[in-house]
Participant: 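The structure follows.
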Amino acid sequence: MKRCYCTIILNFEFNNFEFTKTHLFIARIFSTVFRPSYYPTVGTFILLSFTYLSLFPWMFKLWVLALVYLFTFCMPALGIYIYRRIHGWSAIELRKRHKRAVPYIINICCYLCLMHIFYVTHMPHFMMAIVGISLLIQCVCVVVNLWWKVSMHSAGSGGVIGALIAYAAIFGFNPIWWLCGAIFVSGCVMTSRMVLRQHTLGQVLGGTLIGIVCGIVGTILM
């Protein structure tokens, strides 16, 4: 009961705080740069640059990056735009909980197509894991969104934290600096979503928790 009371007080104080144009500008930058749809491409780039996958020819790496970017950003964005135009909705209207289901489904279908392409072309296991974690996060968010709106931005940043924890346990390396950076970015993303009045404290915390759990479970299972 005390925790719920503290959360309500924090939300009330945050929502009644007057933010300057500088605050809003910085929040928009974080929300744009750390969009959930960018994480698969960035994660794939890191794998192709800093692991044994860097041994692949550069043309192959460019082809993989282009494929990931196409199916995780371009095609979902185009599909959502067409869906929005058909209904005559603005981009702001899609932020409502009951209108988020179809955009989620469009994203999931595109990710499933990419997973199928990776499977039939026998792509490396860890490359598929990145897409699989993003897919798992979206599926969980779709289910949760039926009853409660959660932050996909926060879920995406939480997924990075969860994946780092899991990879550290699997490969036995010390992820402390990477983990500190991921937690810092996650905190900035959560704050930016609240500053922009897109989510409440509970929604960003819930999204982050979903991302961490999915990141750990997805990495282990993939």
Participant: My understanding is that only residues two or more places apart in sequence, or in another chain, count here; which of them pass ring-ring contact (aromatic ring centres under 6.0 Å, His included) with H122?
Facilitator: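 Expected list: none.
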Participant: Please, which pairs that meet side chain to side chain donor-acceptor pair (under 3.5 Å) have at least one residue in residues 162-190, sequence neighbours excluded?
Facilitator: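 Non-adjacent pairs meeting side chain to side chain donor-acceptor pair (under 3.5 Å): S157-S186.
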Participant: Keeping S134 on the side-chain end and I130 on the backbone end, is there a donor-acceptor pair under 3.5 Å?
Facilitator: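 Pair found, side chain donor or acceptor close to backbone of I130.
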Participant: Taking only residues two or more places apart in sequence or in another chain, which ones pass ring-ring contact (aromatic ring centres under 6.0 Å, His included) with F34?
Facilitator: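 Listed in chain order: F30.
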Participant: On a heavy-atom basis, which atom in L136 and which in C214 lie closest, and how many Å separate them?
Facilitator: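 Closest approach of L136 to C214, heavy atoms only: CD2-O, 3.7 Å.
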Participant: Counting neighbours of NE2 on H87 that are heavy atoms of other residues, nucleotides or ligands and sit closer than 6.0 Å, is the number greater than 12?
Facilitator: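 Yes, enclosed.
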Participant: How close do L70 and P76 get, heavy atom to heavy atom, and via which atoms?
Facilitator: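 Shortest heavy-atom separation between L70 and P76 comes out as O-CD, 4.0 Å.
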Participant: Treating Ile, Leu, Val, Met, Phe, Trp and Tyr as nodes and any side-chain heavy-atom pair under 4.5 angstrom as an edge, say whether Y111 and Y119 lie in one connected cluster.
Facilitator: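 Result: yes, single cluster for both.
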Participant: For atom CZ of F45, decide whether the heavy atoms of other residues, nucleotides or ligands shown that lie under 6.0 angstrom number more than 12.
Facilitator: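 Count not over threshold, so no.
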Participant: Using atom types as modelled and distance alone, determine if a side-chain donor or acceptor of Q203 lies under 3.5 Å from a backbone N or O of T200.
Facilitator: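 Present.
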Participant: In the single-linkage hydrophobic clustering (I, L, V, M, F, W, Y; side-chain heavy atoms under 4.5 Å), do L53 and V131 co-cluster?
Facilitator: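 Yes, same cluster.
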Participant: Does any pair with a residue in residues 27-42 pass side chain to side chain donor-acceptor pair (under 3.5 Å), and if so which ones, sequence neighbours excluded?
Facilitator: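 Passing the test, one end in residues 27-42: S31-S192, S31-R193.
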Participant: About how many Å separate CG of L201 and CE of M194, when rounded to the nearest 0.5 Å?
Facilitator: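 Reported to 0.5 Å precision, the distance equals 4.5 Å.
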Participant: Measuring from atom CG of L67 to atom OG1 of T121, what distance do you get when rounded to the nearest 0.5 angstrom?
Facilitator: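 Atom-to-atom, L67:CG and T121:OG1 are 8.0 Å apart.
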Participant: Going by side chain to side chain donor-acceptor pair (under 3.5 Å), name the pairs with one or both residues in residues 60-71, residues two or more places apart or in two chains.
Facilitator: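 Every pair satisfying side chain to side chain donor-acceptor pair (under 3.5 Å) with a residue in residues 60-71: there are none.
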Participant: When hydrophobic residues are tied together by side-chain contacts of less than 4.5 Å, even through go-betweens, does I210 share a cluster with I165?
Facilitator: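 I210 and I165: separate clusters.
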Participant: Are the side chains of F56 and P124 in contact, using a 4.5 Å heavy-atom criterion?
Facilitator: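 Heavy-atom side-chain distance check passes, below 4.5 Å.
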Participant: Between atom CD of Q138 and atom CD1 of I108, what is the distance when rounded to the nearest 0.5 Å?
Facilitator: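 With rounding to 0.5 Å, CD (Q138) is 6.0 Å from CD1 (I108).
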Participant: May I ask whether L114 and L78 are part of the same hydrophobic cluster, defined by side-chain heavy atoms of I, L, V, M, F, W, Y residues being less than 4.5 angstrom apart, directly or through others?
Facilitator: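 No, separate clusters.
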Participant: Hydrophobic cluster membership, with links at side-chain heavy-atom distances under 4.5 Å among I/L/V/M/F/W/Y: are L164 and V217 in one?
Facilitator: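 No, L164 does not connect to V217 through the hydrophobic network.
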Participant: Looking at Y81, I want to see if its OH is surrounded by more than 12 non-hydrogen atoms of other residues, nucleotides or ligands under 6.0 Å.
Facilitator: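 Result for OH/Y81: open.
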Participant: A side-chain contact here means heavy atoms from C-beta on lying under 4.5 Å apart; do I105 and C109 qualify?
Facilitator: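 Heavy-atom side-chain distance check passes, below 4.5 Å.
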Participant: State, yes or no, whether a side-chain contact exists between H153 and P36 at a heavy-atom distance under 4.5 Å.
Facilitator: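 A side-chain contact under 4.5 Å exists here.
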Participant: Restricting to non-hydrogen atoms, name the atom on G187 and the atom on T191 that form the minimum distance, rounded to 0.1 Å.
Facilitator: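 Taking every non-hydrogen atom into account, O-OG1, 2.8 Å.
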Participant: Under a 3.5 Å distance rule, please check whether Q198 uses its side chain to pair with a backbone N or O of L196 as donor and acceptor.
Facilitator: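 A pair under 3.5 Å: yes.
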Participant: Any chance you could measure N107, atom CG, to C139, atom SG, to the nearest 0.5 Å?
Facilitator: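 Taking CG in N107 and SG in C139, the distance rounds to 10.5 Å.
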Participant: Testing the basics here: between C141 and A155, what is the closest heavy-atom pair and its distance to 0.1 Å?
Facilitator: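 For C141 versus A155, the nearest heavy atoms are SG-CB, 4.1 Å.
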Participant: Can you pull out every side chain to side chain donor-acceptor pair (under 3.5 Å) where at least one residue sits in residues 211-222? Sequence neighbours excluded, please.
Facilitator: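 Of all non-adjacent pairs touching residues 211-222, none passes side chain to side chain donor-acceptor pair (under 3.5 Å).
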Participant: On a heavy-atom basis, which atom in A163 and which in I133 lie closest, and how many Å separate them?
Facilitator: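 Where A163 meets I133 most closely, the heavy atoms are CB-CD1, 4.1 Å.
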Participant: With heavy-atom distances below 4.5 Å as the criterion, would you say the side chains of I117 and M123 are in contact?
Facilitator: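 Heavy-atom side-chain distance check fails, nothing below 4.5 Å.
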Participant: Please give me the minimum heavy-atom distance between H199 and V204, naming the atom from each residue.
Facilitator: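 Shortest heavy-atom separation between H199 and V204 comes out as CB-CG1, 3.8 Å.
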